[in-house]
Amino acid sequence: MPKVGGKRPGAGRPATGRDPTRTMRLSDEFIATVDAWAARQDDMPSRSEAIRRLVELGLTVKTKAKQPSAARAVRAKELATKAIEKIIDPAAPPEERAQRRRRLTKGPSEFREDRVDLPKANRK
């Protein structure tokens, strides 16, 4: 028989499952956390089964929409203000310009109700 990679074909431990093996690096702390989670389960799953279950849980969890950071929100507001300044009538009085700028940055009330980045108002 021809040797492949220095080993005869079929050499090595036989496969224990049908799915291909995947390899990844995990820290000792992570493994300890997974092992502790597995120990708290009623059926005491193996480490591999515990990792599969935890990944499956992570994939099925619904997450909230990611909130932009405060710095990004401030930067976006600055950019919007600059863009609005370019289109507002320069002949308008300063109070009128400020009111238009506020109205444009806040957006229409229909859109404000659907925004996920603002806290919901108490509606009774």
Side-chain angles (χ1 to χ4, degrees):
M1 282 186 204
K3 290 185 177 183
V4 178
K7 295 182 181 180
R8 66 177 173 78
R13 184 170 182 248
T16 57
R18 291 181 294 178
D19 295 329
T21 302
R22 305 287 187 234
T23 304
M24 61 183 170
R25 295 178 188 190
L26 304 171
S27 69
D28 291 337
E29 295 83 18
F30 181 83
I31 292 296
T33 305
V34 170
D35 290 343
W37 180 87
R40 292 191 303 270
Q41 304 309 303
D42 293 334
D43 60 344
M44 299 283 286
S46 67
R47 182 179 292 156
S48 295
E49 179 62 23
I51 291 172
R52 279 191 289 274
R53 289 182 191 178
L54 288 168
V55 168
E56 191 66 36
L57 280 170
L59 292 173
T60 58
V61 170
K62 302 263 187 211
T63 58
K64 291 182 179 179
K66 188 174 180 181
Q67 300 295 323
S69 68
R72 288 185 70 159
V74 168
R75 178 72 177 139
K77 191 170 185 175
E78 288 172 2
L79 291 172
T81 301
K82 286 180 182 178
I84 290 168
E85 282 294 328
K86 292 178 183 178
I87 60 173
I88 290 179
D89 181 16
E95 300 84 26
E96 177 71 21
R97 292 175 60 162
Q99 181 183 11
R100 289 178 187 175
R101 191 172 37 249
R102 268 193 311 276
R103 195 170 62 237
L104 288 170
T105 54
K106 278 179 84 173
S109 60
E110 299 86 22
F111 296 147
R112 275 184 270 148
E113 293 169 3
D114 293 331
R115 286 182 57 180
V116 297
D117 62 329
L118 297 176
K120 298 287 182 195
N122 291 337
R123 296 179 184 99
K124 292 185 179 180

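Heads up: numbering here begins at 1 and tracks the sequence. Just so it is clear, the values below take in all heavy atoms, side chains as well, and ignore hydrogens, waters and symmetry mates. Keep in mind that this is a model prediction, so the values were computed, not measured.
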Under the salt bridge (Lys or Arg N to Asp or Glu O under 4.0 Å) test, which residues partner Arg53, sequence neighbours left out? Asp43, Glu49
With sequence neighbours left out, write down each residue that passes side-chain contact (heavy atoms from CB on, under 4.5 Å) with Ala50, or none if nothing qualifies. Val34, Trp37, Ala38, Pro45
State the NZ-CD1 distance between Lys82 and Ile87, to the nearest 0.5 angstrom. 15.5 Å
Can you list the steps and then say if Glu56 with Arg52 is a side-chain contact (heavy atoms from CB on, under 4.5 Å)? CA-CA 6 Å; Glu56 191 66 36; Arg52 279 191 289 274; over 6 Å; no
Of all the heavy-atom pairs spanning Ala92 and Arg100, show the shortest one and how long it is. CB-NH1, 3.9 Å
Contacts of Glu78 that satisfy salt bridge (Lys or Arg N to Asp or Glu O under 4.0 Å) - sequence neighbours left out: Arg75
Spell out, yes or no, whether Leu59 and Val61 are grouped together once hydrophobic residues are joined by side-chain heavy atoms under 4.5 Å, including indirect joins. no
Kindly work out whether a path of hydrophobic side-chain contacts (I/L/V/M/F/W/Y, heavy atoms less than 4.5 Å apart) joins Leu57 to Leu26. yes
Got a sec, which residues hit side-chain contact (heavy atoms from CB on, under 4.5 Å) with Pro93, two or more places apart in sequence or on another chain? Glu95, Glu96
Test of understanding: with side-chain hydrogen bond (donor to acceptor under 3.5 Å, both in side chains), list the residues that count as partners of Arg102, not counting sequence neighbours. none
If a pair satisfies salt bridge (charged side-chain N to carboxylate O under 4.0 Å, His left out) and one of its residues is in residues 28-41, list it, with sequence neighbours excluded. Asp35-Arg47
May I have the step-by-step check of side-chain contact (heavy atoms from CB on, under 4.5 Å) for Arg103 and Ile84, ending in yes or no? CA-CA 11 Å; Arg103 195 170 62 237; Ile84 290 168; over 6 Å; no
To the nearest 0.5 Å, atom CE of Met24 lies from atom CZ of Phe30 at 6.5 Å
